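Report on one structure; see the data block that follows.
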Amino acid sequence: MATPVLQVALDLLELDRAVEIADEAVRGGADWIEAGTPLIKSEGMQAVRTLRERFPGHEIVADMKVADTGAVEVEMAAKSGAGIVCILGDADDTVIAEAVRSARKYGVRIMADLINVGDPVSRSRELAALGVDYINAHVGIDQQMLGKSSLDLLRRLAGEVGVPVAVAGGLDAATASEAVAAGASVVIVGGNIIKAADVAGAARRVREAIDRPEIRPREEESQDAAIRRLFEAVSAPNVTDAMHRKGAMSGVFSLCGRVKAVGRAVTVRTVAGDWAKPVEAIDVAGPGDLLVISNDGRTDVAPWGELATHSAKNRGIAGVVIDGAVRDVDDIREMKFPVFATATVPNAGDPKGLGEINTEIACCGQEVRPGDWIVADESGVVVVPRERAYEVARRAMEVKKTEERIREEIRRGKTLSEISELLKWEKRR
Ligand SMILES: O=C(CO)[C@H](O)[C@H](O)COP(=O)(O)O
C-alpha cells in the first residue's frame, strides 16, 4: 500500500497565519496543504495562489465544498493553482459531472466530501461512477461536537468504494493511525495540528502515527465520563466562550482562590440562612456532584460553614456554589475545598427545614436545574444545560486548543490584535 498522505487543513481566516502554520506543518511531515473552507471564504482564490507560490513542491487542495456551478468553481481553483478541488458529495449529479469534466480539462482531481450525506455507501458508489478521484469520509466540526465520528463513517466505506478514500473530522495522531489501519489513503487533520502551539511537532506525531498504523482496542468511555474529563481540562472562560458568552453566574467568587470544581448540580433552595436543607443535600448528592444553593438573595446570614464543608468533603462532593453568604472562611480556606459564594458573614441561620432540594432554582443570575453541569474556577461559575453538556464540553476544548496557538504567536512577538486581525473583523454594522 502506498504511503498514506497527510493533508493539513488550514481552517483559518488569516492568510499570513495560514502560510506560517503550513510552513511548520510541512516541516513536520505534511504532504498536501489544504486551503480550508474558512480561509477560502475569507481570502478567496488568493489563498490558493499564495499557497501554490509558497509550496511549489506540495499538492494544494482547495476545500471549496462546491455545491453548484461545478465547472466554473473547479476552473477557478485549478487556474489558481489547486491540484485537488473538493466538492460536496450530496451536490446534484449534474454538478458533479460538470466538475469532473472541468477537472479533466484543467488536469486536476476531484475529492467528494460525504459531509451530511444520508446514505454514504451508495452515494460513494454513485460518485465513483461519476468520476470523482477521491471520496472523503468527513464528519463536520459541528457534528463532531455532538459525538459523531469520522472513523465510524470510514469503517462503513471499507471495501465498498472503488476510489481512494480520505478521512477528515477531529482526527489526532491516535485516530489517524486507526484511520490508516481502516483503509484511508489520505488523512486530513485540521485543528489538532493548526491549533497546536508546536505545529511542526503536532504534524510529526501524526506523520509517525500514520506511517505505523495500528488498531487500538477502543476503550469505551461513558458520555458522563467524557464530559467530566473535558470540563476538567478546560476553564470556565473556555466554557462560556463555547456557549457564545452564555451561562456565567454573576457576583460569585471563589473563597479559596485557585480551585476548580466540575460536576452535576444538586440544587437547594433555602431561606434566610436556614442550613437544614443545604446540609440534608449533602446526603442526597453523590461523589463528584456540586451543591448549588440559593439563599433567597440574602447575604446577611450564612446557610453554610465549616462543619457542612467537612461533611461535604467527606462525601466526595466536588464543590459548593452559594447565591448567598458563607461563614468559617478561614477553616474552609484551610481545607482548600471549592466554595463559591457572593458574601462572607460570621452569623448563620437556624435549621428549620425551610426550602427544597433538587428543584429548579435561580442562582447568581442563572437558572440551574438538577443535573445541569457546573464548571467553576477562579474566574467564576458557569452553568451548562445538561442536554447540551457533551457538545459544550467538546466546543470548550476547541476554544482551549485555538488559544494555545494564539498564545504561541504572542510569545513569538505578535500582538493579539495583529493575530486576530481585529480591525478587519470588527462588526461593520
Ligand atoms: O472541512 C473541514 C470542516 O468543514 C475541516 O477541514 C476538516 O474537518 C478537518 O479539520 P478538523 O481536523 O479540525 O476536523
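We count ligands from 1, going down the list as the structure has it; atoms in each ligand are counted the same way. Predicted, not measured: the structure shown is a model, and the values here were computed from it.
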Please check if any side-chain donor atom of [X] sits under 3.5 Å from a side-chain acceptor atom of [Y], or the reverse.
X: T37; Y: D63; result: yes
X: S222; Y: D224; result: no
X: T175; Y: D172; result: yes

W32-Y134 aromatic ring centre distance below 6.0 Å = yes
Mind jotting down which protein residues get a heavy-atom contact under 4.0 Å with ligand 1? Chain and number order, please.
->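 Contacts of ligand 1 under 4.0 Å: A9, D11, E34, D63, K65, H138, I141, Q144, G169, G170, V189, G190, G191.
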Closest contact, heavy atoms only, A77 versus V85 | CB-CG2, 3.7 Å
Might you confirm whether atom NZ of K105 has over 12 heavy atoms from other residues, nucleotides or ligands at distances under 6.0 Å?
->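 Counting other residues, nucleotides and ligands, NZ of K105 stays at 12 neighbours or fewer.
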